[in-house]
Amino acid sequence: MTTQNPIETVAQRIAKTLRRHEVEFIFAQSLPSAVILAAEAIGIRQIAYRQENMGGAMADGYARVSHKVGVVAAQNGPAATLLVPPLAEALKASVPIVAIVQDVERNQTDRNAFQDLDQVALFQSSTKWVRRVTVAERIDDYIDAAFTAATSGRAGPAALLLPADLLRAEVQAPAAARSRNLGHWPLDRVRPSDAALAEVASLIAAAKAPIVIAGGGVHCGGAAAELAGLQQDASLPVFTTNMGKGAVDEYHPLSAGVLGSLVGPRSLGRHSSALVEAADLVLLVGTRTNQNGTDNWRQIPCGATIVHIDVDPVEIGRNYESVRLVGDARETLAALRAALTRIDLTRRHADRLRVEESIAAYWKRFELDRYEVATSRSRPIRPERVMAELQDLLTDDVTVVADASYSSMWVLGQLRAPTSGTRFVTPRGLAGLGWGVPLAIGAKVARPDKPVVAIVGDGGFAHSWAELETMVRMKLPVTIVVLNNGVLGFQRDAETVKFGSYTSACHFAEVDHAKLAEACGCPAVRVDDPSELAYHLQRGMEEGPLLIEVMTDPAAHPPLSLFARMDEAA
């Protein structure tokens with residue numbers, strides 16, 4: 001006598017498959033309802049966002065910190081279209097998200113049904129992979145394919161479109177059940193050949209002035225420990241890109257901070273870029289060699305030999321012809337370290353003290369340059385003072401999240417990573433304004449027992465006010481620091497440099513953000529005395545949630561190269 005497999009709905013099959021991939025949370029707004037009800041019934045928690053463009057950013061923050069796939073769900077129509085921006089950020093930043101999107105019923109396609117849209121076309125430019133499922137019996141196959149697409153190779157978002165009637169349809173559990181967990185990333189660990197690694201080891205040993213530039217791929221690949229080992233073993237100075245911030249301990253004597261457009265007055269890069277200019281070998285690790293990370297592609301010397309490690313073969317050689325090491329950052333660095341043990345590194349070790357002394361001098365000059373603003377008692381408060389007070393509270397347990405624009409630049413340029421692997425989460429894929437708060441909520445879901453601090457400007461915060469209610473309702477306490485200068489700072493300053501004037505949209509009416517927070521049930525304080533900053537920052541990190549509205553100097557801006565001439569003339 002044969003026993004038939006049980007009958008269940010497609011939505012129930014989806015929920016069970018998500019659980020197999022160790023999905024614990026879905027960032028959703030109760031849609032598609034059939035899926036959410038089935039998921040909640042088996043213990044998968046819904047993190048219910050308020051604004052339809054915020055759920056994707058929450059899933060992004062969760063994935064970056066947890067190294068699990070972020071799952072976001074949405075209804076067809078406007079909710080689906082509002083997923084495009086956060087998915088595009090995840091695509092550019094190499095973050096795995098699976099988007100579960102409801103679609104119109106199968107027999108209503110192309111009939112102008114309510115909220116019908118060609119969602120395959122909608123998501124094609126903002127995801128790695130998008131499919132519309134029409135056959136109930138293949139739902140397990142498609143869920144696994146979505147997770148595989150998201151977590152393999154260069155990670156990124158995948159979208160699965162599910163007609164509403166399909167979700168209600170009954171289906172028999174497959175006779176040959178799938179059992180693998182595809183919910184962690186990177187899914188595959190690959191590395192270059194031994195011959196390619198031996199060649200690069202020889203290049204490093206023979207170089208007169210080699211440097212490493214580490215990008216976000218180090219965090220994506222979980223490669224911070226291997227990078228720290230390479231730095232120590234081969235006496236290599238290490239810079240990071242914006243997204244690579246925290247990949248190495250920035251107190252290590254061979255760590256030279258963030259490289260990129262932060263090279264204006266009062267910046268570390270103004271001094272440390274000399275080390276880059278003198279390099280004859282540049283080892284790139286997990287970086288897209290993008291515009292901001294190279295200060296408009298001007299920083300990497302033309303005469304240097306470039307070696308590029310990246311899991312995406314297309315990124316290698318995109319902007320700089322390179323010796324190719326295609327592979328996962330962690331595995332490739334581990335194999336390169338092994339290759340270096342078979343090479344004479346006398347030259348590297350002999351030059352170490354000189355390089356360390358140079359880097360120490362850069363940091364010292366930077367500290368002297370910024371001392372006046374970092375210790376300023378002026379009102380309105382200088383953002384550098386806020387960062388200096390936060391620095392004293394940083395440990396490897398703290399995740400710092402920043403919004404786009406100046407918030408990111410203050411964090412990346414002013415804070416110093418206390419350990420290798422410290423997480424600084426910034427939306428530098430597309431740099432969308434307003435994603436700081438939802439990214440921080442997602443990071444808190446990933447590490448609920450660790451402090452999360454979000455640094456946001458008043459301009460970006462206006463995009464995500466409503467998620468204060470989400471944070472309170474879902475009991476996800478984040479310390480939110482709103483730098484309130486009453487102006488869209490980057491917009492004003494960039495327009496001034498380029499056109500000599502700026503548009504009327506740059507200035508805001510006065511907003512009491514502390515009252516907004518309190519209206520949502522979030523404790524809040526407005527700070528205009530810099531001596532109060534340390535107390536409230538510590539209070540927020542220990543007790544949370546807390547919104548700290550800091551009244552900041554509207555004339556302050558990060559030391560970007562775009563403003564260097566203006567600053568020098570001041």
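Only heavy atoms go into these numbers, but all of them, side chains included; no hydrogens, no water, no symmetry mates.
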Measuring from [X]:[atom1] to [Y]:[atom2], what's the distance to the nearest 0.5 Å?
X	Y	atom1	atom2	answer
L262	N242	CG	CG	6.5 Å
D458	T552	CG	OG1	7.0 Å
I204	R347	CD1	CZ	13.5 Å
L433	S464	CG	OG	8.5 Å
D233	H349	CG	NE2	8.0 Å
E24	Y62	CD	OH	5.0 Å

So does [X] pair up with [Y], basic N to acidic O under 4.0 Å?
X	Y	answer
E542	R539	no
D328	R189	yes
E315	R318	yes
E549	R526	yes

Taking the side chain as every heavy atom from C-beta outward, state whether [X] and [Y] have any atom pair closer than 4.5 Å.
X	Y	result
T470	V437	no
I306	I300	yes
L547	F461	yes
E226	L336	no
L394	T422	no
V453	L393	no
N484	F508	no
S94	M243	no

[X] side chain to [Y] backbone, donor-acceptor under 3.5 Å:
X	Y	answer
S561	V263	no
D553	R382	no
S405	S407	no
E89	G429	yes
R266	P559	no
N319	T289	yes
R298	D295	yes
D528	M551	no
R385	S376	yes
E495	T503	yes

At their closest point, which heavy atom of [X] faces which heavy atom of [Y], and how far apart are they?
X	Y	answer
G215	T241	CA-OG1, 3.2 Å
S408	P427	OG-CD, 4.1 Å
R348	P210	NH2-CD, 3.2 Å
L390	L537	N-CD1, 3.8 Å
V452	A440	CG1-O, 3.7 Å
W185	A155	CE3-CB, 3.8 Å

Quiz item: Is the number of heavy atoms from other residues, nucleotides or ligands within 6.0 Å of CD (E372) greater than 12?
Solution: no
Quiz item: For R50, does the CZ atom have more than 12 heavy-atom neighbours from other residues, nucleotides or ligands under 6.0 Å away?
Solution: no
Exercise. Could you walk me through whether R416 and W363 pass side chain to side chain contact (heavy atoms under 4.5 Å, CB included), step by step?
Key: CA-CA 10 Å; R416 196 167 179 178; W363 282 104; 3.5 Å; yes
Exercise. Measure up the Y502 and H507 rings against each other and bin them: parallel (under 30°), tilted (30 to 60°), perpendicular (over 60°).
Key: tilted
Quiz item: What is the ring orientation for Y406 with H557, classed by angle as parallel under 30°, tilted 30 to 60°, or perpendicular over 60°?
Solution: tilted
Please output the side-chain donor-acceptor pairs of residues 472-480 that fall under 3.5 Å, not counting sequence neighbours, one pair per line with the distance.
unit_1	atom_1	unit_2	atom_2	d
R473	NE	E469	OE1	3.3
R473	NE	E469	OE2	2.8
R473	NH1	A48	O	3.3
R473	NH2	A48	O	2.9
R473	NH2	E469	OE1	3.0
T479	OG1	G540	O	3.0
T479	OG1	M541	N	3.4

Exercise. Carefully, step by step, assess R447 and D397 under the rule side chain to side chain contact (heavy atoms under 4.5 Å, CB included).
Key: CA-CA 9 Å; R447 300 181 74 191; D397 280 342; 4.0 Å; yes
N/O donor to acceptor pairs below 3.5 angstrom from side-chain atoms of residues 248-260, sequence neighbours left out:
unit_1	atom_1	unit_2	atom_2	d
D249	OD1	Y251	N	2.8
E250	OE1	K245	NZ	2.8
E250	OE1	A417	N	2.7
E250	OE2	K245	NZ	3.3
Y251	OH	Q391	NE2	3.4
H252	ND1	L254	N	2.9
H252	NE2	Q232	OE1	2.8
S255	OG	Q231	NE2	3.0
S255	OG	D249	O	2.6

Exercise. Determine, stepwise, if the pair W410 / I455 fulfils side chain to side chain contact (heavy atoms under 4.5 Å, CB included).
Key: CA-CA 9 Å; W410 291 125; I455 307 296; 5.6 Å; no
Quiz item: Run the side-chain hydrogen bond (donor to acceptor under 3.5 Å, both in side chains) check on S531 and D529 step by step: do they pass?
Solution: CA-CA 5 Å; S531 67; D529 181 349; 2.9 Å; yes
Quiz item: For residues R423 and T399, is any side-chain donor paired with an opposing acceptor at under 3.5 Å?
Solution: no
Exercise. Dump the intermediate steps for side chain to side chain contact (heavy atoms under 4.5 Å, CB included) on E384 and R370, then the final yes or no.
Key: CA-CA 8 Å; E384 296 95 335; R370 68 170 177 170; 5.6 Å; no
Exercise. Using the test salt bridge (Lys or Arg N to Asp or Glu O under 4.0 Å), find all partners of D60 that sit at least two apart in sequence or belong to another chain.
Key: R64
Exercise. Before giving the answer on side-chain hydrogen bond (donor to acceptor under 3.5 Å, both in side chains), spell out for D403 and H463 the whole-Å C-alpha distance, their side-chain angles and the decisive distance to 0.1 Å.
Key: CA-CA 11 Å; D403 208 333; H463 292 250; over 6 Å; no
